[in-house]
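Values below: all heavy atoms of this structure, side chains included; hydrogens, waters and symmetry mates excluded.
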Amino acid sequence: MGFARACSVALVGVEGVVVEVQADLEPGVATFALVGLPDKTLIESRDRVRAAVVNSGAAWPQKKLTVGLSPASVPKGGAGFDLAVAAAVLGAAEVVDPKVIADLVLIGELGLDGRVRPVRGILPAVLAAAEAGYRQVVVPQQCAAEAMLVPDVSVLGVRSLRQLIAVLTDGEVPEEDPPDPPGRPDPMLAGLVVPGAGLGTGVARDGDGRDFPDLADVAGQHAARRALEVAAAGGHHLFLSGPPGAGKTMLAERIPWILPPLTRQDSLEVTAVHSVAGILPPGEPLVARPPYCAPHHSATMQSLVGGGAGVARPGAVSLAHRGVLFLDEAAEFSTKALDALRQPLEAGHVVIARAAGVVRLPARFLMVLAANPCPCGRHTLHGTGCDCPASVVRRYQARLSGPLLDRVDLRVEVEPVTRADLLGRGGRGEATMVVAARVREARDRAAARLDGTRWRLNAEVPGHELRTRWPAAPGALAQAERDLERGLLTARGLDRVLRVAWTVADLRSRDRPDALDVAVALELRTGIARGASAHLGAAS
């Protein structure tokens with residue numbers, strides 16, 4: 001009779017729960033029972049572990065074997081428990097010392113030949129182990145760099161079960177040759193990336209400094225460029241409306257490059273989500289730049305906010321966490337999918353309840369909507385013959401609901417590009433790096449003002465705090481208050497105008513917004529000209 005235990009981690013969304021893997025051997029007919037609410041993938045680990053142990057040169061115990069996963073109430077799935085199950089079985093069989101593995105966290109999938117295959121979600125799993133007080137983890141060698149991002153944790157990367165047994169028994173660690181010649185893709189990495197799981201997600205990379213979209217490539221669109229700068233500086237959501245070919249998509253694709261690089265904490269949050277979703281680029285364990293997610297307009301509500309069978313998986317709003325969510329052809333999305341964005345826009349996270357459990361996923365992103373004014377796209381053009389009836393135009397524009405647009409701070413009409421702008425006669429606009437420097441300075445001013453609070457960007461600060469704790473200049477809100485009385489603004493809209501006014505003031509290095517800053521914010525939100533165009537130019 002033998003008993004041993006090891007530890008692993010079960011992921012629920014992007015949060016981990018440490019699971020104790022217990023192995024018990026008793027006299028009787030040789031059987032292998034796995035209990036503790038495992039899913040089908042985990043149940044199949046019985047065959048993988050048995051074959052891996054035998055092919056690693058260890059004897060499989062010919063007794064009644066029961067492996068329990070505790071706590072039993074937490075759903076457990078995936079092949080990441082294989083390594084912990086194998087270690088617990090070997091400990092119960094006294095192949096390794098049970099005391100050595102008692103406080104060891106092991107994460108990894110086993111091949112039938114005993115090789116340890118990488119799995120998704122290593123970073124959030126190791127973070128959960130560290131928060132629970134564990135300081136030693138064993139992971140696949142290909143994932144060791146990702147696990148080492150967690151401080152104060154000793155990480156051991158192994159390529160095979162043979163190597164793990166040798167380390168635990170103080171034996172000579174065998175060398176495991178790569179299965180393929182150098183230069184060929186490692187098939188062991190295949191399980192890390194899920195094809196099609198990214199929903200148009202891209203992670204910006206610095207490269208050699210010349211391979212990123214430059215704002216200088218955008219012809220004209222001076223008002224829209226300045227709105228992009230305000231959106232990036234304050235984290236404000238943006239709606240670009242205009243005819244096809246005006247440059248809406250080009251503008252949106254350049255926003256991640258004018259955003260500052262992610263902080264260490266933000267990088268860990270983003271990397272954890274991408275690791276669980278299976279879109280973390282191999283060889284790049286830490287995401288340093290804001291992500292960019294642009295799902296197709298046929299995306300379902302579950303693909304946007306998260307969902308799926310069993311435990312919910314991250315959707316586009318979580319894949320764009322701390323980055324940009326771009327919805328091109330926004331009016332073509334289903335109304336149900338768009339309205340599902342209203343809660344994460346306000347809360348910065350999404351809570352998904354399923355029969356298998358409740359998952360809380362981060363979703364603090366900058367949303368950019370782009371849409372044509374009508375189905376043919378020529379409604380705002382002169383002399384081009386828009387054939388859409390007025391009722392069709394109204395119905396098309398109404399696909400973006402009022403409650404959703406009320407949460408969008410900036411609304412800009414993107415005008416057609418003129419011949420002079422397209423041929424460069426009006427001069428090129430500012431480069432990305434120039435605008436990014438001003439955005440960084442404005443964010444630094446906001447961060448200094450908000451130091452000691454739970455907010456980091458102007459778009460996150462509640463309106464009540466802005467009116468009482470950081471009031472605008474006397475009389476600055478007079479015009480906005482009149483718009484509120486006339487029904488042009490809602491109470492939420494007034495708060496958002498004040499947030500944008502603070503961002504404009506930060507871009508101009510002012511201590512607090514004045515009447516002109518509020519006029520700029522009103523013009524950006526309502527689209528009504530208020531004589532603030534020159535002042536808006538001063539902000540950039």
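S267 has its side chain out of reach of V270: every pair of non-hydrogen atoms, C-beta onward, lies at least 4.5 Å apart. Counting heavy atoms from C-beta on, the side chains of F326 and T249 come closer than 4.5 Å. When side chains are defined from C-beta on, V138 does not count as touching V105, because their heavy atoms never get closer than 4.5 Å. A heavy-atom distance below 4.5 Å is not found between the side chains of Q343 and V350. Two residues are said to be in side-chain contact when any heavy atoms from C-beta on lie closer than 4.5 Å; L304 and T300 fail this criterion. Proximity of P285 to L149: side-chain heavy atoms (C-beta onward) are separated by under 4.5 Å at one or more points. No side-chain heavy atom of F81 sits under 4.5 Å from any side-chain heavy atom of S45. Side-chain atoms of V89 and L65, non-hydrogen and from C-beta on, do get closer than 4.5 Å to each other.
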Verdict with supporting geometry, I279 and V273, side chain to side chain contact (heavy atoms under 4.5 Å, CB included):
CA-CA 9 Å; I279 61 172; V273 175; over 6 Å; no
In sequence, state the C-alpha distance, the side-chain angles, and the governing distance for D266 and R456, and then conclude on salt bridge (charged side-chain N to carboxylate O under 4.0 Å, His left out).
CA-CA 12 Å; D266 290 346; R456 297 164 47 186; 2.5 Å; yes
Stepwise, does the side chain to side chain contact (heavy atoms under 4.5 Å, CB included) test hold for L327 with V368?
CA-CA 6 Å; L327 302 183; V368 181; over 6 Å; no
R5 and D103: salt bridge (charged side-chain N to carboxylate O under 4.0 Å, His left out), yes or no, with the steps?
CA-CA 8 Å; R5 66 183 182 90; D103 294 320; 3.7 Å; yes
Derivation of the side chain to side chain contact (heavy atoms under 4.5 Å, CB included) call for L457 and R443:
CA-CA 7 Å; L457 299 174; R443 287 204 172 196; 3.7 Å; yes
Can you list the steps and then say if Y134 with V18 is a side chain to side chain contact (heavy atoms under 4.5 Å, CB included)?
CA-CA 9 Å; Y134 293 88; V18 175; 3.6 Å; yes
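Atoms CG and CG, from L240 and L369 in turn, are 8.5 Å apart once rounded to the nearest 0.5 Å. With rounding to the nearest 0.5 angstrom, the CD1 atom of I258 is 11.0 Å from the CZ atom of R440. From L156, atom CG reaches atom CD of Q141 across 9.5 Å, with rounding to the nearest 0.5 Å. Put simply, CG on N458 and OG1 on T503 are 3.5 Å apart, with the number rounded to the nearest 0.5 Å. In this structure, NE2 on H236 lies 9.0 Å from CG on L366, to the nearest 0.5 angstrom. Atom CG in L238 sits 5.5 Å away from atom CG in L410 (nearest 0.5 Å).
Looking at E146 and S275, their side chains do bring a donor and an acceptor atom within 3.5 Å of each other. No side-chain donor from either of T66 and D24 sits under 3.5 Å from a side-chain acceptor of the other. Between R360 and H349, the side chains place a donor N or O and an acceptor N or O closer than 3.5 Å (distance only, hydrogens not considered).
Nearest heavy-atom pair, A6 versus L106, reported as atom, atom and distance to 0.1 Å: CB-CD1, 3.7 Å. Across all their heavy atoms, L361 and P314 have their closest contact at CD1-CA, 3.7 Å. In terms of heavy atoms, A371 sits closest to L400 at CB-CD1, 4.5 Å. Closest of all the heavy-atom pairs between P295 and L325 is CD-CD1, 3.9 Å. The two residues V9 and A125 make their nearest non-hydrogen contact at CG2-O, 3.5 Å. In plain terms, the two heavy atoms of A129 and V137 that are nearest each other are CB-CG1, 4.4 Å.
Checking side-chain atoms of D97 against main-chain N and O of L168 turns up no donor-acceptor pair under 3.5 Å. Judged by distance alone, the side chain of E332 and the main-chain N or O of S298 form no donor-acceptor pair under 3.5 Å. N55 places a side-chain N or O within donor-acceptor distance of the main-chain N or O of A51, the cut-off being under 3.5 Å. Listed for the R46 side chain is no donor-acceptor partner under 3.5 Å among the backbone atoms of L34. For the pair S303 (side chain) and A299 (backbone), a donor-acceptor distance under 3.5 Å is absent. A donor-acceptor distance shorter than 3.5 angstrom exists from the side chain of D82 to the backbone of L110, with no hydrogens or angles considered. Judged by distance alone, the side chain of R342 and the main-chain N or O of L404 form no donor-acceptor pair under 3.5 Å. With N372 contributing its side chain and P375 its backbone, the two residues share no donor-acceptor pair below 3.5 Å. Of the possible polar contacts, one joining the S318 side chain to the P362 backbone as a donor-acceptor pair under 3.5 Å is found. Remark: side-chain polar atoms of K76 are paired, donor with acceptor, to backbone N or O of G36 under 3.5 angstrom.
Other residues, nucleotides and ligands contribute over 12 non-hydrogen atoms within 6.0 Å of the CD atom of E460.
Salt bridge present: R115 and D113 bring a charged side-chain N and a carboxylate O closer than 4.0 Å. Between R322 and E269, at least one side-chain N (NZ, or NE/NH1/NH2) sits under 4.0 Å from a carboxylate O, which counts as a salt bridge. Using a cutoff of 4.0 Å between basic side-chain nitrogens and carboxylate oxygens, R492 and E346 are scored as salt-bridged.
Listed by chain and number, the residues in a ring pair (Phe, Tyr, Trp, His ring centres under 6.0 Å) with W455 amount to none (sequence neighbours excluded).
The aromatic rings of F32 and W60 sit tilted relative to each other, their planes meeting at an angle between 30° and 60°.
Sorted by first and then second residue, the salt bridge (Lys or Arg N to Asp or Glu O under 4.0 Å) pairs with a member in residues 160-173 read R162-E176; sequence neighbours excluded.
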